[in-house]
Each structure stands twice: as C-alpha cells, then as structure tokens.
Amino acid sequence: MSRPTSSQPDLDRFAQRIDELRSGLVHADPFQLAERTAVNYQPVQAGRGEFHFDLWGRPVRLDYPDFVAYSPSTGEPLASFHLALLLYYFSTADGRPLSNRWIAFTELPDGRFYTQAFQSYTGQELGRTFQNDAARFIQAARSLDGSPGSIGDASFAFQALPRAPLLVAFWQGDEDFPASFQLLFDASASHYLPTDAYAILGSTLTRRLISAAQALPRTTP
C-alpha cells in the first residue's frame, strides 16, 4: 500500500487495490467478517447477503460476496475511494476490542515518518480555519454529531466506521502560542485499518469540520 505523502492523501492510488482486496474477501465467512468488523450481516439467499453499518454516521449497504457498496437511501454505489476504505476495513479487522485510549498518528505503524505531512493537512488546516475560536469549533463538531471528549480545552470523537473512531482535540492559544489541533486514534487502530487509511480518514474529517464551520451563521464582533 502507498504511504502518506507531503500533500493530501492520493485517493486514486488508494483505490487501485479494490479488485485485489475484493478477491481476498469473496471466500471469507460473512458471519466471521461481521463479528470482526462489528457490523450487521443479513443473509438474503444461499451464499448471498448484505452487511449493514454506518460510514461517518450514514447508513451503508455492502453486498456479499460481490463486495459492492451502496447508499440505502439513494441506491447509488459509493465512490471508489469509499469502497476501498470499506474493503481495507473488512480485510484488516481482527475483532480486537477498542482500547478507549487515544494515540497520535506518530504511534501508528510507520506513522512517525509521516506525522509532519499528516499534521499539515489536518491539525494545521483546522488551526487556520478556527484559530482561537473554541465556540466555533464546538458548534461545528456538534453539527457533525461529535461526542465530547476530555482531552485538551475541547475535543470531540467521531465514528468513521464501527471500530474506527477518531478524536479531534483543541488547545486554546495565548499571547505566546497559537491555538493548536490534533487528530487522535484509538490504540487498537492498526487492528482495523492500515496507516494510509487513517491518513484519509483524518483528511476527510478535517474537510468535514471546515465545511461545517463555513456553514455556521456569521456573528458580528
């Protein structure tokens, strides 16, 4: 799998292994996959069924054994990079319980080599958007159904996949230091996705928070 680069993650390159990932899953036991990934499996007929779960809080249907993903509300197939993310999740998940302990990107496998790049398109981007405005960050996070955490001056956890949570932590700045943001992951993270996938999740969550902030009503000083 490709490594995170100094720019945004390469979604096209990330999606190039879809066929390979799919071929590695077609003969897997769907009930075991459901248990390892903490999703619901519904048999449809002999040898066929559907996995149902949420991606960023939105329902997804993943057909078995074709491993094609759809939005149940629209019936439209998901974009290739979303499908690649799901296939990596199903291929990697081993059922390890979540640790409920947060770690930095640098603690993921090979993460320390790409921490600076990851921070540049996540934490630094959030810092440029929210600056020292804790209230605006809190509003944006709540609008995305973030769950309040206890790290930093404000933090919120988001469920990308059933066993792939992320937390965004905010530290208030002062006259000496600017405000700072950091994305964190459950310590069990490597049991569910490769590091590149977490780079994409971090970038995705950053864009979602920035979009949410831009949609907030403007307040006058």
Side-chain angles (χ1 to χ4, degrees), residues 1-22 24 37 53-58 60 69 78-94 96 98-99 101-130 137 140-141 144 146 149 151-152 155-170 180-213:
M1 187 174 187
S2 61
R3 302 298 187 190
T5 65
S6 58
S7 60
Q8 294 290 334
D10 188 335
L11 300 181
D12 291 335
R13 183 176 297 178
F14 181 76
Q16 286 176 356
R17 289 187 60 204
I18 283 178
D19 289 340
E20 178 186 344
L21 292 166
R22 186 184 278 133
T37 56
F53 54 97
D54 286 353
L55 172 64
W56 293 116
R58 296 181 179 178
V60 169
L78 298 192
S80 59
F81 79 90
H82 285 311
L83 176 59
L85 177 68
L86 302 185
L87 296 183
Y88 275 116
Y89 180 66
F90 274 72
S91 298
T92 307
D94 63 8
R96 174 71 64 92
L98 294 180
S99 72
R101 179 173 67 85
W102 297 107
I103 62 172
F105 188 84
T106 188
E107 297 177 74
L108 298 176
D110 294 326
R112 66 190 181 93
F113 298 108
Y114 305 99
T115 294
Q116 185 174 354
F118 180 74
Q119 183 65 11
S120 72
Y121 55 74
T122 57
Q124 290 178 18
E125 286 292 332
L126 293 172
R128 280 189 281 271
T129 296
F130 293 102
F137 167 62
L144 297 177
I151 296 178
S155 59
F156 287 85
F158 301 86
Q159 203 72 34
L161 285 161
R163 286 184 174 156
L166 293 81
L167 181 130
V168 182
F170 163 77
S180 63
F181 290 80
Q182 187 177 20
L183 272 71
L184 303 174
F185 309 87
D186 189 85
S188 67
S190 63
H191 294 269
Y192 288 97
L193 284 169
T195 300
D196 266 13
Y198 286 111
I200 288 176
L201 288 182
S203 175
T204 300
L205 179 54
T206 297
R207 294 195 307 271
R208 285 166 57 84
L209 283 165
I210 291 172
S211 294

Can you find a pair of side-chain heavy atoms, one from [X] and one from [Y], that are under 4.5 Å apart?
{"X": "V168", "Y": "T206", "value": "no"}
{"X": "L85", "Y": "L201", "value": "yes"}
{"X": "T129", "Y": "L209", "value": "no"}
{"X": "R17", "Y": "L87", "value": "no"}
{"X": "Y192", "Y": "P162", "value": "no"}
{"X": "F170", "Y": "L126", "value": "no"}
{"X": "R207", "Y": "I210", "value": "no"}

Set of side chain to side chain donor-acceptor pair (under 3.5 Å) partners for S211, sequence neighbours left out: none

Can you see which heavy atom on [X] is nearest to which on [Y], and at what distance?
{"X": "P165", "Y": "L98", "value": "CD-CD2, 4.2 Å"}
{"X": "T37", "Y": "A93", "value": "CG2-CB, 3.6 Å"}
{"X": "A84", "Y": "L21", "value": "O-CD1, 4.3 Å"}
{"X": "A104", "Y": "L184", "value": "CA-CD2, 3.8 Å"}
{"X": "L193", "Y": "A164", "value": "CD1-CB, 4.2 Å"}
{"X": "A187", "Y": "S99", "value": "CB-OG, 3.2 Å"}

Roughly how far, to the nearest 0.5 Å, is the [atom2] atom of [Y] from the [atom1] atom of [X]?
{"X": "L183", "Y": "L205", "atom1": "CG", "atom2": "CG", "value": "5.5 Å"}
{"X": "F137", "Y": "S155", "atom1": "CZ", "atom2": "OG", "value": "7.0 Å"}
{"X": "T204", "Y": "H82", "atom1": "OG1", "atom2": "NE2", "value": "7.0 Å"}
{"X": "L166", "Y": "L161", "atom1": "CG", "atom2": "CG", "value": "9.5 Å"}
{"X": "R163", "Y": "T92", "atom1": "CZ", "atom2": "OG1", "value": "14.0 Å"}
{"X": "Q182", "Y": "F105", "atom1": "CD", "atom2": "CZ", "value": "11.5 Å"}

Enclosure of R112 CZ (heavy-atom neighbours >12, cutoff 6.0 Å): no

Check: [Y] main-chain N/O paired with [X] side-chain donor or acceptor under 3.5 Å:
{"X": "Q119", "Y": "F181", "answer": "yes"}
{"X": "Y198", "Y": "F185", "answer": "no"}
{"X": "T195", "Y": "P109", "answer": "yes"}
{"X": "S203", "Y": "I200", "answer": "no"}

F156 and F158 aromatic ring geometry - parallel, tilted or perpendicular at 30°/60° bounds: tilted

F90 and F53 aromatic ring geometry - parallel, tilted or perpendicular at 30°/60° bounds: tilted

